[in-house]
Amino acid sequence: MSTAPVTQAKAPMDEFNPFQAMAQRFDVAADKLGLDEGLRDVLRTPDKELTVSIPVSMDNGKLRVFTGYRVQHNFSRGPCKGGIRYAPDVNLDEVRALAAWMTWKCSVVDVPFGGGKGGVICDPRQLSKGELERITRRYTSGIMDILGPDRDVPAPDVNTNEQTMAWLMDTYSMHVRRTETAVVTGKPLALGGSKGRTEATGRGVMIATREAMKKIGLKPEQTRVVVQGSGNVGGIGAMMLARQGMKIVSISDIYGAIHNDKGLDVPDVLAHLRQHKKLEGYAKAEHIPSASQLELDCEVLVPAATENQITSKNAERIKAKLIVEGANGPTTVLADQILEKRGVTVVPDILANAGGVTVSYFEWVQDRAGYFWTEEVVNSRLEQVMTTSFAAVEETARKYSTSLRIGAYILAVGRVATVYQLRGTYA
Ligand code: GLU
């Protein structure tokens, strides 16, 4: 490997473009690793991008066409792996970035997968269950040529869940004329899902937080936590952190946030959410706007919603000493620079939220073996993967005198680069 100059960005830097954010961190890691320009190009470029149109008969009898994507970023280390999200603002650059983040995430925790991601432009809140099922089935049939247990294995992501995965698995299985449970993870338990998968991302966030707190000397009983989000990652993450003895002082949904400096009763908040679908009306806390939530007084901030939440516009005002990224890409590159200068520790997404894909890997292994593990086995193996990976990232960051984020990228990119070089280029 030879030392190469820093890659020049081809487009002007856009703080909010997630693919550029991924590429910028990748380049810093590639510089530290001394990767040559050709190899950088290979590792940065998605292997395959598929755009499909999804015609769907709506409940009102009209036809509507949705757009869906599946991006396979890199399969050097194994089948592509990554979720499918349903949201109105899904776009190809975002899906590309998310696919690349999956490659690095799987590599950080050393599970034998590459990275992929999918998305459908739609607003699930405006769709009936039947419409969602028809979108999912038609999207699956549109991308199924590139799916398969040995090719590309989707999972849930923003606004998709185990029901979505069950429809995907069934559609794929009907086409291949056999029940193929290992084509997707995050399935219902009755369909070959894994115990502990639903809680896995939140549990991983808790483990990453606990390890980072040890590193900076924060004690659980003196720690106030703000959690942005209340879904599969934020809600379950908050519950797990509360069980560790931390005080969860704020939680949010897409409409706003609640705050109680004495600490929220997390199971009670989640029960309210299950019943009312929003935090609105929750009586035992003050209601505050989403934007001010991130700037609340606290020791730990867990952004567990979406991209570009901590930016050059608010990074200066963040009070937390520790940020643990439950979401993918919540902190921009400019915000990273401000936070680093201010001495705020950031546990990066590709490590902090890797508990989900780790248990997805366990699910895939169990499906292929046809032999299922107890919840204790799943949780203790997850614990081991997360703590080992945290230590490896910390060690890499120390060795290269960088942030944990760049340490994680160096570790991840280095592993993928090694595999690529061993395999060589097929001509
Ligand atoms: N969507 C999750 C993520 O961003 C899980 C992916 C998976 O399990 O394949 O990590």
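Counting starts at 1 for both ligands and their atoms, in listed order.
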Problem set entry | T331-E325 side chain donor-acceptor pair, cut-off 3.5 Å | yes

Exercise. Looking at atom 1 (N) of ligand 1, what's its closest protein heavy atom, distance included?
Worked result: D157 OD1, 2.7 Å

Exercise. If we ignore angles and hydrogens, is there a donor and acceptor under 3.5 Å between the side chains of Y282 and D268?
Worked result: yes

Problem set entry | Closest approach of any protein heavy atom to atom 9 (O) of ligand 1, naming residue and atom | K81 NZ, 2.7 Å

Exercise. Under 6.0 Å between ring centres, would you say that holds for Y409 and F26?
Worked result: no

For this session: Can you sort out which atoms of ligand 1 are near M102, meaning under 4.0 Å from one of its heavy atoms?
Result: 3 (C), 4 (O), 6 (C), 10 (O)

Problem set entry | Single hit among D47, T103, D152 for side-chain hydrogen bond (donor to acceptor under 3.5 Å, both in side chains) with Q72 | D152

Problem set entry | Nearest non-hydrogen protein atom, atom 8 (O) of ligand 1 | S360 OG, 2.5 Å

Problem set entry | ligand 1 atoms in contact with R197 (distance to a heavy atom under 4.0 Å) | 5 (C), 8 (O)

For this session: Check the pair E299 / V225 against side chain to side chain contact (heavy atoms under 4.5 Å, CB included), numbers first and verdict last.
Result: CA-CA 6 Å; E299 282 68 45; V225 187; over 6 Å; no

Problem set entry | Region of R85 engaging ligand 1 - heavy atom pairs below 4.0 Å | neither

Exercise. Does K105 come within less than 4.0 Å of D349, counting only side-chain N to carboxylate O?
Worked result: no

For this session: Would you please name every residue forming a salt bridge (Lys or Arg N to Asp or Glu O under 4.0 Å) with D157, sequence neighbours left out?
Result: R85, K117

For this session: Report the nearest protein non-hydrogen atom to atom 10 (O) of ligand 1: residue, atom name, distance rounded to 0.1 Å.
Result: K105 NZ, 2.6 Å

Exercise. Has ligand 1 got any nitrogen or oxygen that is less than 3.5 angstrom from a nitrogen or oxygen of N353?
Worked result: no

For this session: Could you check atom 7 (C) of ligand 1 against the protein and tell me its nearest heavy-atom contact, residue, atom and distance included?
Result: A155 CB, 3.3 Å

Problem set entry | Per-atom contacts of ligand 1 with G82, taking only distances under 4.0 Å to non-hydrogen atoms | 9 (O)

For this session: Mark the output for P156 as yes if a heavy-atom distance to ligand 1 is under 4.0 Å, and as no if none is.
Result: yes

Exercise. How does T201 reach ligand 1, by side chain, by backbone, by both or by neither, if only non-hydrogen atoms under 4.0 Å count?
Worked result: neither

For this session: Looking only at non-hydrogen atoms, find the nearest pair between Y255 and R125 and report the distance.
Result: OH-NH1, 3.2 Å

